[in-house]
Amino acid sequence: GGDPAGPVVAAAGAVSHTQPAAAGGPDRSVGRPRVLALDDEPSIRAFLRKALAAAGMDCFVFQDGAQALDGLRDTTYDVMLIDHRMAGMSGTEFYEAAVDFRPELANKAVFMSGDVLNPDLRGFATQRGIRLLAKPFDIEAVIRVVHEALAAAAEDDAKASIGPRA
């Protein structure tokens with residue numbers, strides 16, 4: 001099962017000026033980064049949507065893991081913000097299911113947690129290169145960690161296409 005989208009080519013230098021999204025075209029190589037935000041608290045979903053929209057990103061919010069996995073079927077995301085502790089499916093369970101379904105998301109996740117010192121969470125995140133975002137957070141912290149994840153994912157994608165660097 002390869003990626004049906006084919007290689008996504010990033011346009012260099014087309015980042016500084018904002019351009020309106022092309023009408024109707026499903027071209028994912030240009031336009032705003034897409035962020036999946038999974039949290040069972042409505043106030044946090046609203047906050048993330050507003051903060052990321054203000055930073056020029058499209059944020060798609062989901063209240064539970066099953067709903068978010070459904071969302072992965074028809075949309076590709078650049079970053080996933082995942083609440084660690086939720087009723088039903090936990091953040092780590094969602095992450096594993098999401099990566100199972102879309103392996104390219106493995107290095108594009110950020111866990112949000114009020115307990116980032118939790119050794120299980122830290123171990124899970126460290127092994128997989130997942131960033132941690134401590135709750136409560138402010139707009140700057142959210143945007144910074146999303147930008148870091150976007151940059152790291154772009155770097156990883158570039159490395160993958162060039163081959164291993166010594």
### ILVMFWY network linking Leu69 to Leu81, side-chain heavy atoms under 4.5 angstrom
no

### Query
Given Gln63 and Asp39, is the side chain to side chain contact (heavy atoms under 4.5 Å, CB included) satisfied, shown in steps?
CA-CA 5 Å; Gln63 63 186 17; Asp39 199 297; over 6 Å; no

### Task
Kindly indicate whether the side chain of Leu133, heavy atoms from C-beta on, has any atom under 4.5 Å from the side chain of Phe111.
no

### Query
Between Phe60 and Tyr77, how do the two ring planes meet: parallel, tilted or perpendicular, split at 30° and 60°?
perpendicular

### Message
Quick one, Phe62 and Leu72 - any side-chain contact, counting heavy atoms below 4.5 Å?
### Response
no

### Query
Under 4.5 Å between any side-chain heavy atoms of Arg73 and Arg102, yes or no?
no

### Message
Once rounded to the nearest 0.5 Å, what's the spacing between atom CZ of Arg34 and atom CG of Asp78?
### Response
8.0 Å

### Task
Report yes if some heavy atom in the side chain of Val110 is under 4.5 Å from a heavy atom in the side chain of Leu132; otherwise report no.
no

### Query
Do Glu148 and Val79 have side-chain heavy atoms sitting under 4.5 Å apart?
no

### Task
Report the C-alpha separation of Leu121 and Ser113 in whole Å, then their side-chain angles, then the decisive distance to 0.1 Å, and conclude whether the side chain to side chain contact (heavy atoms under 4.5 Å, CB included) test is met.
CA-CA 9 Å; Leu121 174 61; Ser113 176; 3.6 Å; yes

### Query
Rounded to the nearest 0.5 Å, what separation is found between the CZ atom of Phe94 and the CD atom of Gln67?
10.5 Å

### Message
If you define the side chain from C-beta out and look only at heavy atoms, does anything of Thr92 sit under 4.5 Å from His84?
### Response
yes

### Query
Just wondering, do Ile44 and Asp83 contact through their side chains at under 4.5 Å, heavy atoms?
no

### Task
Verify side chain to side chain contact (heavy atoms under 4.5 Å, CB included) between Asp40 and Asp64, making sure each step is shown before the conclusion.
CA-CA 6 Å; Asp40 54 4; Asp64 62 56; over 6 Å; no

### Message
Please determine whether residues Met86 and Val61 belong to a single hydrophobic cluster, defined as Ile, Leu, Val, Met, Phe, Trp and Tyr linked transitively by side-chain heavy-atom distances below 4.5 Å.
### Response
no

### Query
Is there side-chain contact between Met112 and Ile82, with heavy atoms separated by less than 4.5 Å?
no

### Message
Applying side chain to side chain contact (heavy atoms under 4.5 Å, CB included) to Ile130 and Asn107, what does each step give before you reach the verdict?
### Response
CA-CA 7 Å; Ile130 299 167; Asn107 61 347; over 6 Å; no

### Message
Looking at Arg49, I'd like to know if its CZ atom is crowded, meaning that more than 12 non-hydrogen atoms belonging to other residues, nucleotides or ligands lie closer than 6.0 Å.
### Response
no

### Message
If I take atom NZ from residue Lys50 and atom SG from residue Cys59, how far apart are they, to the nearest 0.5 angstrom?
### Response
12.5 Å

